[in-house]
**Q** 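Before I ask anything, here is the structure I am working with.
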Amino acid sequence: MGIDSALRSSGRLRLRARLAAATVAVAAMTGGAVIALAGSASAATTLRGAAEADGRYFGVAVGQGDLSNTSATNLAGSQFDMVTPENEMKWDTIEPSNGSYNFGPGDNIVNFATSHNERVRGHNLVWHSQTGAWVFQGPEGKPADRETLLARMRDHIQTVVGRYKGRIHGWDVVNEAIDEDGSLRKTPWRDGIGDDYVAKAFEFAREADPNAELYYNDYNLEKPEKRAGVIKLVNDLKARGLRIDGIGNQAHWRLETPTMDAIEQALVDLNSTGLKVMYTELDINLLPSAGRGVDPAVANPYANGLPDEKQQQLARRYADIFGLIVKHRTRVSRVTFWGLSDADSWLNRGRMNHPLLWDRQRQPKPAFHAVVDVLKRAR
Ligand code: XIL
C-alpha cells in the first residue's frame, strides 16, 4: 500500500505503526537487526510501551521486599510508569511514634522509581487503618481532642509531603472515608475532629506541596449508595475551594462481580464530578471468601495452580476491563495493579490466589497478553 492510501484509509497513528514495523523489518535484514528488534519487541510487549502511545500510564504497588529480588525489580522497572508504595508510606510505618519518622522504606521505593524514570503515587496520608493507636490517644487514656488531632495530622502531612516535595506526583490524601451506605465512615478521625476532617487533610496537603496532585481513594464504588457518598464528599471538597485532582477507585474486583455494566456506570458517574478516575489497586480475587471451618480444598481450590479454563476466564475479565478503559479513555487517566505478580499479592493470605498478570515465577499469564492486545488494538 502506498503512503497516500495508507494515510487515507488508516489515519496517521496506524501509519506510524506501519512505518515502525517496516523499519524493524528492514533492520532485521541488515546489521542493525539485533538492537532494532530487541528495542521494538520490548516496547511492544510491556504495558508501558503499549499504553504510552496514547498518553496513559500504568502503575504497580511495590513493597520494600520486592526491591531485593531481581525478577521483581526487572518487572517493576520495565513494565510500568508509576509506582505506589504498598505499605511504606502508611502512617504506622512512616511515623510509628509521635514525631519520630522512619523514612527509609519510603525513600527506597522513591529512589527505585526515580532511577527507572517512573513516577510515584504517595499512599496514603490519612486513613483509619495501619495508623498507630497513639495517634488517637489523649492524656490519661482519653481520646485525643479536635485540636490535638488536627495538630498531629498537620504535622504528619507537613513532614511527609514536605520530605518528598517535587518527587511525588500525587498523594492519596484520604483513604476509605465513606461507609458502605454512603455515610461518612465512623473512625477515630471523624470522632475526634468532626466531619470536616477530610477537608482539613486536603487543606494541609495543599499547603505542604502546592504542586502535588491530590486524590481521594476508596473501594466498592460500584455500589450506588457508596458511590453517591463519595460523589457528595468530593463535591463538598470542591465547594470549599480545595484542590482535588482525581478519584481513586481501588478496583479490588472478582471474576464476575461487579458486572461490567456496574463498572461502567460507576466510571461515568464518578467522572461526572469533573474529576478523572484512576483505578488504583486493581486485582481480581479468584478465591471464595473463607469462613471459619470451611473445608481447605474448598477454601483453597487453586493450590496446585490455576486450571486453564480459569486462566482464560481471568484473561477475558482483564480484556473486558481494559476494553472499557480504552472506550472511556478520556475519563480514566491511569491504572495501577496492586502487586507485581501472584507471588506478591496481598490476596494470598495463606492461600494461593492468582489475581494479577504475572504468575508466581513472574512469567506473563494469558491475562497479560490479553491486556496488551486490547491496548495495541486501541491505537
Ligand atoms: C494492603 C497491603 O497490600 C497489605 O500488605 C497490608 O497488609 C494491608 O494493606 N486498600 C488500600 C491498601 O488502600 O493500602 C491496602 O493494602 C489494600 C486495601
Side-chain angles (χ1 to χ4, degrees), residues 59-69 72 75-76 80 82-96 102 105-106 108-110 113 120-133 135 156 160 168 170-180 185 187 189 198 201 205 213-223 226-227 229-230 233 246-254 257-258 266 270 277-287 289-290 334-358 360:
V60 67
V62 171
Q64 164 98 313
D66 297 323
L67 298 182
S68 51
N69 179 309
L75 260 191
F80 302 94
M82 190 156 198
V83 165
T84 306
E86 186 172 358
N87 290 299
E88 291 69 10
M89 290 185 186
K90 291 174 181 172
W91 196 309
D92 60 356
T93 298
I94 213 162
E95 192 188 2
N102 166 37
N108 290 340
I109 305 251
V110 171
V120 183
R121 177 184 184 102
H123 177 79
N124 55 60
L125 297 171
V126 174
W127 192 19
H128 56 276
S129 187
Q130 293 182 269
T131 303
V135 177
H156 182 85
V160 175
I168 290 212
W171 280 98
D172 287 332
V173 179
V174 177
N175 201 29
E176 303 181 352
I178 297 296
D179 222 329
E180 298 306 291
R185 188 197 282 262
T187 70
W189 285 118
V198 178
E213 291 193 344
L214 305 180
Y215 318 122
Y216 175 74
N217 196 49
D218 214 328
Y219 64 99
N220 275 352
L221 303 187
E222 290 68 35
K223 293 189 175 167
K226 185 161 185 180
R227 175 163 75 246
V230 168
L233 179 73
I247 303 176
N249 180 340
Q250 292 184 7
H252 294 296
W253 293 330
R254 292 178 165 274
T257 56
L270 292 168
V277 175
M278 303 149 190
Y279 294 113
T280 53
E281 304 183 12
L282 177 60
D283 50 23
I284 303 295
N285 188 350
L286 299 181
L287 296 182
S289 30
R334 68 178 84 118
V335 183
T336 291
F337 293 87
W338 205 243
L340 281 162
S341 76
D342 291 344
D344 310 302
S345 170
W346 73 306
L347 295 174
N348 289 307
R349 295 186 195 126
R351 296 187 286 169
M352 294 275 265
N353 218 325
H354 306 262
L356 295 164
L357 304 188
W358 285 272
R360 282 184 159 63

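Since this is a predicted model, take the numbers as computed values, not measurements. All ligand and atom numbering here is 1-based and tracks the order in the structure.
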**Q** Is it true that Ser345 and Asp342 share a donor-acceptor pair across their side chains at a distance under 3.5 Å?
**A** no
**Q** Do Asn87 and Gln64 have a side chain donor and acceptor closer than 3.5 Å?
**A** no
**Q** Does Trp338 reach ligand 1, in the sense of a heavy atom lying below 4.0 Å from it?
**A** yes
**Q** Going by side chain to side chain donor-acceptor pair (under 3.5 Å), Asn220 matches just one of Glu180, Lys226, Arg227. Which one?
**A** Glu180
**Q** Would you say ligand 1 has an N or O under 3.5 Å from any N or O of Asn87?
**A** yes
**Q** If we ignore angles and hydrogens, is there a donor and acceptor under 3.5 Å between the side chains of Glu86 and Trp346?
**A** no
**Q** How far is atom 3 (O) of ligand 1 from the closest protein heavy atom, and which atom is that?
**A** Glu86 OE2, 2.4 Å
**Q** Please say whether Glu281 places an N or O atom under 3.5 Å from an N or O atom belonging to ligand 1.
**A** yes
**Q** With ring centroids as reference points, do Trp358 and Phe337 lie under 6.0 angstrom apart?
**A** no
**Q** Within ligand 1, which atoms have a heavy atom of Asn175 less than 4.0 Å away?
**A** 11 (C), 13 (O)
**Q** Distance only, no hydrogens: is a donor on one side chain within 3.5 Å (strictly under) of an acceptor on the other, for Glu281 and Asn217?
**A** yes
**Q** Would you mind running through ligand 1 and noting each atom that sits below 4.0 Å from a heavy atom of Gln250?
**A** 10 (N), 11 (C), 13 (O), 18 (C)
**Q** Enumerate the atoms of ligand 1 whose separation from the nearest heavy atom of His123 is less than 4.0 angstrom.
**A** 11 (C), 12 (C), 13 (O), 14 (O)
**Q** Can you tell me how the ring of Trp253 sits relative to the ring of Tyr279, calling it parallel under 30°, perpendicular over 60° and tilted otherwise?
**A** perpendicular
**Q** Report the nearest protein non-hydrogen atom to atom 8 (C) of ligand 1: residue, atom name, distance rounded to 0.1 Å.
**A** Gln130 OE1, 3.4 Å
**Q** When you measure from atom 15 (C) of ligand 1 to every protein heavy atom, which one gives the shortest distance, and what is it?
**A** Lys90 NZ, 3.7 Å
**Q** In ligand 1, which numbered atoms sit nearer than 4.0 Å to a non-hydrogen atom of His252?
**A** 18 (C)
